[in-house]
Q: 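First, the structure itself, so that you have it in front of you.
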Amino acid sequence: MDWSAYAHEQGLGREVGENLVRAQQLARGAHLTTGDLLRALVRDTSHAGVACAALGLTPERVEPPLEELAVTPEPLVLQGPKEMSGPLASVMLHVQDEGNLLGLQTSGSLLLALRPDRLDVTAGPADPLDSPGHGELALEMLGLERLRLRGAVLDAIARSHPDTRDWDARAEGFLRLSRFHMAYPYPGETEPPSATSEANEEAARLPAMAAHYLHASTEDLKWLGKALYDERKKWFVVRLVRLVESVHPQLLEPLICAAIYEQDPSRNRHFVDAAVRGVGLAPVHERLLWYMRQGVDAEKSGAMRALYWCPPPDADSVKETARGLLDAFQREKDLDVRRTALTKLAGIDWRAMDLGLRHRLAEVLQAAAAHPDVYIRHRADAIRTELRGVIS
């Protein structure tokens, strides 16, 4: 198979194609695997190679674990190029996303896709595309954490695309030119201006700004925290946070508030995801529950919307969320808060709730059925129909 042509067809760029060709030359079997790809990446002459060198990943160091893993072949794909293993097919699915996040398609995006984040994977039927490959397992055996790998790639790219270390200038440039779909529109603007080369150059500076973020000073953190309360600049900051998958303690609260204050129930996900990837599910869920109970009306409804993207981390949190939503409908007076609470109550698995909580839900639905707001009455009727036989 012509791997260079394959990379071009997939829009993955020249560097990705070169590494696939090199992997084929180094392959130990008939099918291209993630182990072959790792062998190629440690020999890369661009960003991936620079990152590997900084991490001490040499051909001699990666070969022993790859040889040890070779006794168990990587599963083959069920569809797609037959010359490719299942785990490698998964890498190729993610490399485009990594490149888009970095702002440019590079060998660094290929290296990042080799060490995926599996926090969101749930137990299910075996799928060769979900299996960890030899390359990923070798990196684990060598003790290389994903965040260290990401930091090394960002530093490598930053050397060739330096920033000016001016947060205001970089934020404005990114927001003016980026086609990142959350960065626009602004008032009076329906789409970003057409300036492809300039936009690409600005996007290529993102890894340098992200590397700068990782070593932020007190003054840097002050600017970043304030920017998260700005309707435009917050999209620049969340892109950096998502890029590094790390949240400084001083930025966690502003990031959660950005999710709460974002009115679009889909756009708020960017801030929730960035926070969860940085500190984990439980702390973010806990803070959202606090705002749902203790915030002002706008924060209460905003926290409820944000909780859609932050599922309870355990059974106790599920019950606490249900109690909070029931309290919000029964005790709050704000119409938007009560509407939002009732909407979120519909998403709870009430069959798994105890009798006391189900009894409280029945009381809420009875009160909602007599409410003057048509939306609340309609939603209550839908929930009652859905849970016929579960609640009295």
Q: Looking at Tyr261, I want to see if its OH is surrounded by more than 12 non-hydrogen atoms of other residues, nucleotides or ligands under 6.0 Å.
A: yes

Q: Ring-plane angle category for Trp167 and His212, please: parallel below 30°, perpendicular beyond 60°, tilted otherwise.
A: parallel

Q: Mind running salt bridge (Lys or Arg N to Asp or Glu O under 4.0 Å) on Glu363 and Arg360 for me, showing each step along the way?
A: CA-CA 5 Å; Glu363 293 177 348; Arg360 282 196 62 192; 5.3 Å; no

Q: In terms of heavy-atom contacts, does CD of Glu67 have more than 12 from other residues, nucleotides or ligands at under 6.0 Å?
A: yes

Q: Looking at Arg339 and Asp373, is there a salt bridge between them, counting it only when a charged N and a carboxylate O are closer than 4.0 Å?
A: yes

Q: Between Glu63 and Arg39, is there a side-chain N and carboxylate O pair less than 4.0 Å apart?
A: yes

Q: Taking atom CD of Glu253 as the centre, report whether more than 12 heavy atoms of other residues, nucleotides or ligands fall under 6.0 Å from it.
A: yes

Q: In terms of relative ring orientation, are His270 and Trp235 parallel, tilted or perpendicular, with 30° and 60° separating the classes?
A: perpendicular

Q: Any chance CD of Gln330 has more than 12 other-residue heavy atoms, nucleotides or ligands included, within less than 6.0 Å?
A: yes

Q: Tell me whether Arg61 at atom CZ has more than 12 heavy atoms from other residues, nucleotides or ligands lying less than 6.0 Å away.
A: yes

Q: Just do the side-chain contact (heavy atoms from CB on, under 4.5 Å) check on Val241 and Tyr213 with the steps written out, would you?
A: CA-CA 8 Å; Val241 176; Tyr213 163 85; 3.8 Å; yes

Q: Counting only heavy atoms not in Glu140, do more than 12 sit closer than 6.0 Å to its CD atom?
A: yes

Q: Only one of Arg242, Arg150, Arg115 passes salt bridge (charged side-chain N to carboxylate O under 4.0 Å, His left out) with Glu98; say which it is.
A: Arg150

Q: Indicate yes or no: does Lys234 engage Asp230 in a salt bridge with an N to O separation below 4.0 Å.
A: no

